[in-house]
Amino acid sequence: MRDEVPVLTRPLSVTAHGKGNAVEEEEEDHHAPPAAGGQHERVTMGSHLSDRQDEGSHARTISNVSGVGHARTISSVSGSELNDESGKPIWKNRVESWKEKKKEKKASAKKAAAKAQAPPVEEQIMDEKDLTDAYESLSQIIPISKNKLTPYRAVIIMRLVVLGLFFHYRITNPVYSAFGLWMTSVICEVWFGFSWILDQFPKWCPVNRETYVDRLVARYGDGEDSGLAAVDFFVSTVDPLKEPPLVTANTVLSILAVDYPVEKISCYVSDDGSAMLTFESLAETAEFARKWVPFCKKYSIEPRAPEFYFSQKIDYLKDKIHPSFVKERRAMKRDYEEYKVRINALVAKAQKTPEEGWIMQDGTPWPGNNPRDHPGMIQVFLGETGARDFDGNELPRLVYVSREKRPGYQHHKKAGAMNALVRVSAVLTNAPYILNLDCDHYVNNSKAVREAMCFMMDPSVGRDVCYVQFPQRFDGIDRSDRYANRNVVFFDVNMKGLDGLQGPVYVGTGCCFYRQALYGYGPPSLPALPKSSVCSWCCCCPKKKAEKNEREMNRDSRREDLESAIFNLREIDNYDEYERSMLISQMSFEKSFGLSSVFIESTLMEHGGVPESANSSTLIKEAIHVIGCGYEEKTEWGKEIGWIYGSVTEDILTGFKMHCRGWRSIYCMPVRPAFKGSAPINLSDRLHQVLRWALGSVEIFFSRHCPLWYGYGGGRLKWLQRLSYINTIVYPFTSLPLVAYCCLPAICLLTGKFIIPTLSNAATIWFLGLFISIIMTSVLELRWSGIGIEDWWRNEQFWVIGGVSAHLFAVFQGILKMVAGLDTNFTVTAKATDDTEFGELYIFKWTTVLIPPTSILVLNLVGVVAGFSDALNSGYESWGPLFGKVFFSMWVIMHLYPFLKGLMGRQNRTPTIVILWSVLLASVFSLLWVKIDPFIGSSETASTNVCSNFDC
Ligand SMILES: O=c1ccn([C@@H]2O[C@H](COP(=O)(O)OP(=O)(O)O[C@H]3O[C@H](CO)[C@@H](O)[C@H](O)[C@H]3O)[C@@H](O)[C@H]2O)c(=O)[nH]1
Ligand SMILES: [Mn+2]
């Protein structure tokens, strides 16, 4: 057979299979050593597209070997031989015997279980201190000092009290001359107060953590035979034109060079666009990695993404730098430039699709020519059996995966892609941990995996940890971070707060999962819930909730069965193939996991790994099977298992489900950021990103997973954690009162009315008190979190900008989607490619999202002008109330200022024009105002108000 198929010098063929399309043929001796002088030999489990002639016969073979066929054959076998004398199925006996054994075990393990019941943070701190004597723990909670936290909490309580008194005052003192305005403003204020509570209280007990990476090595060893757990990296990419291959390549290279035992790392790249460009550039990247990885390891360089490494300035005069390093670095840089040229050539070639579609280098058409209708494709590069690096060492396995897509099948965007990877990786490598990254998030700290393992592999911490989330950090953001791209307040304040509760939310990238947690089970140390313990506090538990609870119960008992299966597989050495499959199908795992017994079996292996007997060609076939477009039909994928579908922010939903099951997550912030990504820095792209996130939240709000009502019966979500999840899904709705509130000052200025009546002494105190407590909470928050005031202010500004534009649109789109079933598409955020520094910042695309903030801005500017001209006309006594209103209006304008800047584009180019226009507009309006003045009657009443300068 080997003679018939030409030996590939470039692995430009892929394994593709599906619905009678191209069917692959396995290279029989794939374990053969790399071809002599095969500098390009990178195929490991690689395969060739079949000889067209025996396609038919081969297709039959496949369906015989694949899990589907297998399971079917088995279930048709008559049951007699599988039953014992009493007619009971053998597997059932085994389950029972196992359950008994487990009971015994449980009694002895009770103590341990009691301790593992996730004690509150304070206790945990104590515990950990005690434990340091017994053994060195791999991480520690560093509590925030009492003298920072206590005043913070005191001020929060104070603010809450003052807020109550303030509302009391506001509601009992209506402004009859402007009742509508007053009413609107009070409603808005009540909503703001409510959303403040949602935002504030989850930050009640923030924590910091510290990891001890060297202790990890001390405990588990390093290198080939260390006890470190394996990790499967997932990288998602969809559109090589928006997500440049070079960006993805850098991510991949940084993963392959990560500081971790090589055979424990695999990198799966999901190509949702089925682009030959992505595939070919991955092949180039695998080749380049053979030079790049040994270089990184030899000199311990950081970061290990070449683009970012070489753009760093290094000081050659530092004494530590070795001359050989300088030489090699220069050579490496040249190699990288050449590699870049090759990638760019591929990109250039890919700009125009040939009419007959893409042809691979071996002359066969690219199976993915139609991205909406193509077979699943898999190609393995490097790895155990593949090409070695230039020093002769093994490299991590790199797998290209493009899941099957067919018209009429939902593919569920990123979540669907991730789930396909979960299954492929389970079949091929089955690492117990999964680390997922967006294509533009490279590994910035080569110890990142070790950092995660400090939690995951620590028996005192890791048992109930579903994931370790790292903060998202970014490159290439303008120094002042005009549009709050860094999201510092979220990543350094809110997330630390959540870490003190049940753990940070999952943000879609830079997150290391425990694979078992993705399979829909609860944490191991929590017992199955007894029926009575549910709803201990919700006395009015309706029937529906009880039903839900029951479902949860069933899951837990199913888990028991699953565990029994694990037990069986381990206890019995010479178990029978048929019996095993019987066990699996009988226990209806297929209903949740789909029809792949290979995959289901992999889920039974808590510590990962593939069975040694497994033959790589059957594994590849099975891998193709599990990325089929119909695989998830009538299963629980996306509902209970894996990444959860139903929202464009699949990340929030996925993390939420895990927390509901009682898992906890960990927030890990190494000093050197673990991962770094890019963010859209121009206004329009940024607003669209925020729009998508907000839309995702609205989708969750209207779904069955709404945190307001989901998961009470049997759920294990802590209530402050729930509050925070509620906050993440209701925040877009704050846009409605926000728009109203931003228009109010302008309307007041134009009509001469005001929303606050004459102030009494008591009222002045409440206003002052509120004002001061707001400032104080912010200041104290800055103090414990260590973020800068500028970051905080940018966040405030962008909260208003996003609120009156993107969030508003998200609310309407979300409602439209729910009512009319209109679907919105996932617009991938464009990644920065512009070489000029911050050139992106000034790109300006006009979109409808910009209309509301522009109108609000203009309205307020006009209001201020009108107010002044009005005051000029009416004399001295009207200046008092004017200042109150102008202050109010300025508050809005100040918040929208970055937006104004964005509208103006590059400042040093267009200032004159803009100034001209604004002067023109302003004078036209003020002149008009003086002439017409339609509100002359009402301004009399307004002028009697002695209004304050304090507003909120
Ligand atoms: O059909 C799709 C669409 C997107 N993606 C990938 O999803 C990732 C995120 O997309 P991007 O456009 O970069 O979105 P961002 O707003 O930058 O991403 C943030 O927000 C998303 C939720 O909306 C999360 O999924 C991301 O992890 C998080 O970084 C990228 O790697 C894409 O390649 C797919 O794989 N398939
Ligand atoms: Mn992104």
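Heavy-atom basis, side chains included; hydrogens, waters and symmetry copies ignored. Counting convention: from 1, in listed order, for ligands and their atoms alike. Quick caveat: nothing in here was measured; it's all calculated off a predicted structure.
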Distance-only side-chain donor-acceptor flag, [X] / [Y], under 3.5 Å:
| X | Y | result |
| --- | --- | --- |
| Tyr268 | Asp232 | no |
| Ser678 | Asp440 | yes |
| Tyr725 | Gln502 | no |

What part of [X], side chain from CB on, backbone N/CA/C/O, both or neither, has a heavy atom under 4.0 Å from ligand 1?
| X | answer |
| --- | --- |
| Val648 | backbone |
| Val507 | backbone |
| Lys413 | both |

Could a heavy atom of [X] be found less than 4.0 Å from some atom of ligand 1?
| X | value |
| --- | --- |
| Lys242 | no |
| Met418 | no |
| Ser270 | no |

### Task
Among Asp272, Asp438, Thr649, find the residue that satisfies the side chain to side chain donor-acceptor pair (under 3.5 Å) test when tested with Lys414.
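Of all the options given, the one that passes is Asp438.
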Under 4.0 Å from any heavy atom of [X], which atoms of ligand 1 are there?
| X | answer |
| --- | --- |
| Thr509 | 27 (O), 29 (O) |
| Glu650 | 24 (C), 25 (O) |
| Asp272 | 1 (O), 2 (C), 34 (C), 35 (O), 36 (N) |
| Gln689 | 15 (P), 16 (O), 17 (O) |
| Gln472 | 29 (O) |
| Asp651 | 22 (C), 24 (C) |
| Gly508 | 27 (O) |
| Cys439 | 31 (O) |

### Task
Report the relative orientation of the aromatic rings in His625 and Tyr631; use parallel for angles under 30°, tilted for 30 to 60°, perpendicular for over 60°.
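Geometry flag for Tyr631 against His625: perpendicular rings.
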### Option whose closest heavy atom lies nearest to atom 28 (C) of ligand 1, chosen from Asp438, Leu695, Asp440
Asp438
### Query
Of the choices His412, His411, Glu243, which has the non-hydrogen atom that lies closest to atom 32 (C) of ligand 1?
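Shortest heavy-atom distance from atom 32 (C) of ligand 1: Glu243.
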### Message
I'd like to know if the side chain of Tyr483 and the backbone of Leu687 have a donor-acceptor N/O pair within less than 3.5 Å.
### Response
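Not at all, since once roles are kept as given, no pair shorter than 3.5 Å links the two residues.
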### Task
Would you confirm whether Thr635, through its side chain, and Phe593, through its main-chain N or O, come within 3.5 Å as a donor-acceptor pair?
no
### Task
Indicate yes or no: does Glu640 engage Arg661 in a salt bridge with an N to O separation below 4.0 Å.
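Here Glu640 pairs with Arg661 in a salt bridge, since their nearest N and O are under 4.0 Å apart.
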### Task
Search all heavy atoms of Trp643 against all heavy atoms of Asn419 and return the closest pair with its distance.
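Shortest heavy-atom contact: N-OD1, 2.7 Å.
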